[in-house]
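The structure appears below as structure tokens.
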Amino acid sequence: MKNNTFLIIAREYTTRVRKKSFIILTILLPILIAAIIVLPVLLVMHSEKGQHANVLVVDDTELFINSFENTDNTTFSYSSGDIDFLKKDAFDNEKYDCVFHILNNSQGLKSNLYYRKDLPSGLQSNLESQMDEIFFDRMLQDSFNIQPARFEKLQELTKSDITTIQVDDEGKERENIAEMNEIIGMMCGFFIYFIIIIFASQVLRGVLEEKSNRIVEVLISSVKPIQLLTGKIVGIALVGITQFLIWVVLTVGIVSAVGLAAPDLLSGSEATEIVAEGASATGQVQGLSIFQQINNYFPISFTEIILCFFFFFVVGYLIYATLYAATGSVVDSESDSQQYTMPVTIPLILSIILIPSISTNPNGQLAFWFSMIPLTSPIIMMVRLPAGVPIWQLLTSMGVAVLFLLFCIWAAAKIYRVGILMYGKKNSWREIFRWLKRA
């Protein structure tokens, strides 16, 4: 019987990439990701532009007359007199959106903010911050005879600035941004979980579909079971890689197009500000793209992160795909597969639960051991990687994962060869282990 593995791979690949679900998901997911990035910024900008408040200030203390600063969203006016009359006149004639009454209270600053329609977002915090600053400056002058400008100068001169610098095993130093490491690590961990569980589950459903339709009996007559298993796993892996590359290209293209159309739209993102602030401290901002700036502050380069991501995605997918394929071969329906897939799925679920704690302590004992266990290492190692992992730990994790993958292929091939042609029987764990002992 000749080797038809490549024919099986081609069949699995072409069949799946032509499905409407593949095309729809491939197009919609990048749009969704780009929308998650861009839409909140647009909503905030729109809400801020649309909410302008005219505020009437009634100051019984006379400490804040003509002191509040107007902003793009807020305009302040001042008046004095009976607060009940001023409120009624402001709201009935729609002269003002809010009436801010500052009470003359000896026990501290007390005030009331009256409004009839919805209170504009951020107005209360804006009033509080301005009041605190104005009152503080007044106390500096009246009680301590200190000019606010001199106090601000003193604050600036005595401000501390701590730069975190990581030293590797070779003594090389690199500035490190812990917040960025956590963000990138968590994103990599969640994303690799997402694609592993999706494409490994496709292998399970594919095996079950062929077995329930008795198509596998026809296929087995012309190909060996191991060829069918290998072709199915590799074919779906190529589908996943194709879809992943398209997602990356489309997402980057959509976000870049939005950035070109509205250059100021994404300039205020938190990640950009964190990196820009750190880079400006060392004079490395000018002439560098955002990706170059981030790359300066990682213990590991983006190229290494991408290569490691690709490795752990492929190895992680192959491990779970072989286990899921073996599971699909011993049952007749997807509902029956739950009891067999649960022990395999638990490590994935545990990895997701541990991502937040691992990201905050990427070099702890918990992070180390879970990055060595093959069933959890594809996710946990990617969470640890942006913070810097010793090369021996990375290579050990890769080596253990590859050895475990070889074991999974050997075990899955034995189980698949026997189980794929068995129908109408629930196989016990003891019987499955007996299949492994066969030559």
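What you see below is based on every heavy atom in this structure, not just the backbone, and it leaves out hydrogens, waters and symmetry mates.
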### Task
Test Thr345 against Tyr324 for side chain to side chain donor-acceptor pair (under 3.5 Å), laying out the working first.
CA-CA 10 Å; Thr345 310; Tyr324 275 37; 3.0 Å; yes
### Query
Got a salt bridge between Lys153 and Glu156, using NZ or NE/NH1/NH2 to carboxylate O under 4.0 Å?
no
### Task
If the plane angle is over 60° it's perpendicular, under 30° parallel, otherwise tilted; pick one for Phe100 and Phe68.
perpendicular
### Task
Using modelled atom types only, decide if a donor and an acceptor are shared between the side chain of Ser67 and the backbone of Ile65 within a distance under 3.5 Å.
yes
### Query
Where do Ile380 and Ala367 come nearest, in terms of heavy atoms and distance?
CG2-O, 3.7 Å
### Message
Any heavy-atom pair between the side chains of Phe313 and Ile241 that's under 4.5 Å?
### Response
yes
### Message
Looking at every heavy atom in both Phe64 and Ile134, which two are closest together, and how far apart are they?
### Response
CD2-CG2, 3.6 Å
#### Entry: Lys95 vs Asn54 side-chain heavy atoms within contact, under 4.5 Å
no
### Query
Are the side chain of Asp59 and the backbone of Thr61 linked by a donor-acceptor contact shorter than 3.5 Å?
yes
### Nearest-0.5 Å distance that lies between atom CZ in Phe312 and atom SG in Cys188
11.5 Å
### Task
State the CG-CD1 distance between Leu323 and Ile415, to the nearest 0.5 angstrom.
8.5 Å
### Message
Quick check against the 3.5 Å criterion: does Ser143 have a side-chain atom that pairs as donor or acceptor with the backbone of Leu140?
### Response
no
### Query
Does the side-chain contact (heavy atoms from CB on, under 4.5 Å) test come out yes or no for Ile83 and Val99, once each step is laid out?
CA-CA 9 Å; Ile83 185 62; Val99 176; 3.9 Å; yes
### Message
Are Asn112 and Leu103 packed together at the side-chain level, in the sense that at least one heavy-atom pair is separated by less than 4.5 angstrom?
### Response
yes
### Task
Hey, could you give me the CZ/CD1 distance between Arg18 and Ile23, rounded to the nearest 0.5 Å?
10.5 Å
### Query
Which heavy-atom pair separates Thr376 from Phe370 by the least distance, and what is that distance?
OG1-O, 2.6 Å
## Note on the structure
Value for CZ (Phe368) from CD (Gln393), rounded to nearest 0.5 Å, stands at 5.0 Å
## Note on the structure
For Ile319 and Ala401 the tightest heavy-atom approach is CD1-O, 3.8 Å
### Message
Counting C-beta onward and ignoring hydrogens, is there a side-chain heavy-atom pair between Val55 and Tyr96 closer than 4.5 Å?
### Response
no
### Task
Answer whether the closest heavy-atom distance between the side chains of Arg384 and Met381 falls below 4.5 Å.
yes
### Query
Do the side chain of Gln130 and the main chain of Glu69 share a donor and acceptor less than 3.5 angstrom apart?
yes
### Message
With a 3.5 Å distance limit and no angle check, can you tell me whether Ser351 reaches the backbone of Ile379 through a side-chain donor-acceptor pair?
### Response
no
### Message
Quick check for you: to the nearest 0.5 Å, what is the distance between Leu394 atom CG and Leu385 atom CG?
### Response
6.0 Å
### Message
For a salt bridge (charged side-chain N to carboxylate O under 4.0 Å, His left out) check, start with the C-alpha distance between Asp82 and Lys87, then their side-chain angles and the critical distance, and finish with the verdict.
### Response
CA-CA 9 Å; Asp82 181 69; Lys87 282 192 299 181; over 6 Å; no
### Message
Using the rule given for side chain to side chain donor-acceptor pair (under 3.5 Å), can you reason through Tyr13 versus Thr242, listing the C-alpha separation, both sets of side-chain angles and the distance that settles it, and then say yes or no?
### Response
CA-CA 10 Å; Tyr13 183 83; Thr242 302; 2.9 Å; yes
#### Entry: Closest non-hydrogen atom pair between Thr322 and Ile409, with its separation
CG2-CG1, 4.0 Å
### Message
Check this for me: Asn145, atom CG, are more than 12 non-hydrogen atoms of other residues, nucleotides or ligands nearer than 6.0 Å?
### Response
no
### Message
What I'd like to find out is whether the side chain of Ile198 reaches to under 4.5 Å of the side chain of Phe194, using heavy atoms alone.
### Response
yes
### Query
Got a second to check how far Thr74's OG1 is from Leu127's CG, nearest 0.5 Å?
7.5 Å
### Task
Answer yes or no: is there a side-chain heavy-atom contact under 4.5 Å between Val203 and Phe199?
no
### Query
So do Leu348 and Ile197 actually touch side chain to side chain, heavy atoms under 4.5 Å?
yes
### Query
Are there more than 12 heavy atoms of other residues, nucleotides or ligands under 6.0 Å from atom CD of Gln141?
yes
### Query
Minimum heavy-atom separation for Asp97 to Ala53, with atom names?
OD2-CA, 3.4 Å
### Query
Is the backbone of Asp89 close enough, under 3.5 Å, to the side chain of Asn93 for a donor and an acceptor to pair up by distance?
yes
### Task
Under the side-chain contact (heavy atoms from CB on, under 4.5 Å) rule, what do Cys308 and Met382 come out as? Steps first, then yes or no, please.
CA-CA 8 Å; Cys308 290; Met382 287 308 306; 4.3 Å; yes
### Query
Just by distance, do the side chain of Ser397 and the backbone of Ser371 share a donor-acceptor pair under 3.5 Å?
yes
### Query
Taking it one step at a time, do Phe136 and Phe151 satisfy side-chain contact (heavy atoms from CB on, under 4.5 Å)?
CA-CA 11 Å; Phe136 184 80; Phe151 182 79; 3.5 Å; yes
#### Entry: side-chain contact (heavy atoms from CB on, under 4.5 Å) evaluation trace for Arg16 with Phe22
CA-CA 7 Å; Arg16 294 179 183 277; Phe22 174 86; 5.7 Å; no
### Tyr317 side chain vs Ala237 backbone, donor-acceptor pair below 3.5 Å
yes
